[in-house]
Amino acid sequence: MTTEDAVTAEAVGSLGGTDDARLRTLLTSLIRHLHAFARETRLTQREWETAVEFLTATGQTCTDTRQEFILLSDVLGLSMLVETINGHSDPGSTESTVLGPFHMTESPVRALGADIDLVGGGEPCVVSGVVRAADGTPLPGAVLDVWQADPQGFYDVQQLDVQPPGNGRGLFTADAEGRFWFRTCVPSAYPIPTDGPVGVLLKATGRHPYRPAHIHFIVSAEGHQPVTTHIFVAGGDYLDSDAVFAVKESLVKDFVPTDDPSLAAEFGVPNPFRHARFDLVLERS
Ligand code: BEZ
Ligand code: FE
């Protein structure tokens, strides 16, 4: 009679002909952990079928503009775990966090100081900072790819009929002293998409779908490792219960209420406004 352990040993043994050593390591470990999971939970045939149906529906929900598998990885904490395993290790460098599904490869190029809020209606805000190397040297020409949801919590790509393309997005180049600044509106918390299998999973587990208010960044500079990160609005909702587990303390920033007509005029925003400061440190590559 085939024992449970014999099935595992046979499945692992079948990988002996895998030429790629890393692939063999990954698949061996995957089989061992999957089998251990089934043994530990005494997985039933019906539960196995439900899992297959769920994963099938997850795949069928994916389109060119929607990645339900990444969303599943996000809500299970796997994306954040992989991010943390591979993230930046130098203590002083800017911490990374998840990319999320709403990044576009081509954010519109904008001049320093430009407004990424093409629609208006939100609370005016300026984000400014300096990009530096680990030794404190500014990094002129650092490139900052920035994207955020509108005040209602939607990205432009989720509302192609409502928002102009590029709303909430900008590609900025830091000046000769590594400085950057841009105008926007204060972001709001928003729910991740719940109209697919991931929504079913959240509902079944009594979890809310919200992400705390944030602005995404990918920052790169010659000779340095790019960092994919966010800034979160201090004091906002859901900082302690992000649906995708992506909050890191160092990335929570004050969006300081500022009543200063001359500074507002300098930045080209109405007074009063909110001002978030985000200084970044990149690791050498
Ligand atoms: C986002 O912040 O854009 C995001 C991240 C993970 C899942 C869904 C959305
Ligand atoms: Fe986001």
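Counting starts at 1 for both ligands and their atoms, in listed order.
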Checklist entry - Can a donor-acceptor pair be found between the side chains of Glu68 and Thr58 at a distance below 3.5 Å? => result no

Checklist entry - Can you list the ligand 1 atoms lying under 4.0 Å from a non-hydrogen atom of Gly100? => result 4 (C), 5 (C), 6 (C)

Item to check | Phe102: numbered ligand 1 atoms lying under 4.0 Å from its heavy atoms | outcome: 3 (O), 9 (C)

Checklist entry - Would Ser96 and Glu83 count as a side-chain hydrogen bond (donor to acceptor under 3.5 Å, both in side chains) if you check the C-alpha gap in whole Å, the side-chain angles of each, and the deciding distance to 0.1 Å? => result CA-CA 7 Å; Ser96 55; Glu83 171 58 49; 2.3 Å; yes

Next on the checklist: Does the residue Trp147 have a heavy-atom contact with ligand 1, meaning some pair of atoms that are separated by less than 4.0 Å?
Outcome noted: no

Checklist entry - With a cut-off of 2.8 Å, does His230 place any N/O/S atom under that distance from the Fe ion (ligand 2)? => result no

Next on the checklist: With a cut-off of 2.8 Å, does Gln148 put an N/O/S atom close enough to the Fe ion (ligand 2)?
Outcome noted: no

Checklist entry - Any side-chain donor paired with an acceptor under 3.5 Å for Asn271 and Asp259? => result yes

Next on the checklist: Suppose we measure from atom 7 (C) of ligand 1 to each protein heavy atom; which comes out shortest, and what is that distance?
Outcome noted: Asp74 OD2, 3.1 Å

Item to check | Nitrogen or oxygen of Arg211 less than 3.5 angstrom from that of ligand 1 | outcome: yes

Item to check | Atoms in ligand 1 with a heavy atom of His216 nearer than 4.0 Å | outcome: 1 (C), 2 (O), 3 (O)

Item to check | Opening angle at the Fe ion (ligand 2) [NE2, His214; OH, Tyr155; to 10 degrees] | outcome: 110°

Checklist entry - Taking distance alone, with no angle check, do Tyr190 and ligand 1 share an N/O pair under 3.5 Å? => result yes

Checklist entry - Would a hydrophobic clustering, with Ile, Leu, Val, Met, Phe, Trp and Tyr connected at side-chain separations under 4.5 Å, put Leu263 with Val127? => result yes

Item to check | Sub-4.0 Å heavy-atom contact, His214 with ligand 1 | outcome: yes

Next on the checklist: I'd like to check which ligand 1 atoms, numbered from 1 as shown, lie under 4.0 Å from a non-hydrogen atom of Leu71.
Outcome noted: 7 (C), 8 (C)

Item to check | Pair His214, Asp242: side-chain N/O donor-acceptor within cut-off below 3.5 Å | outcome: no

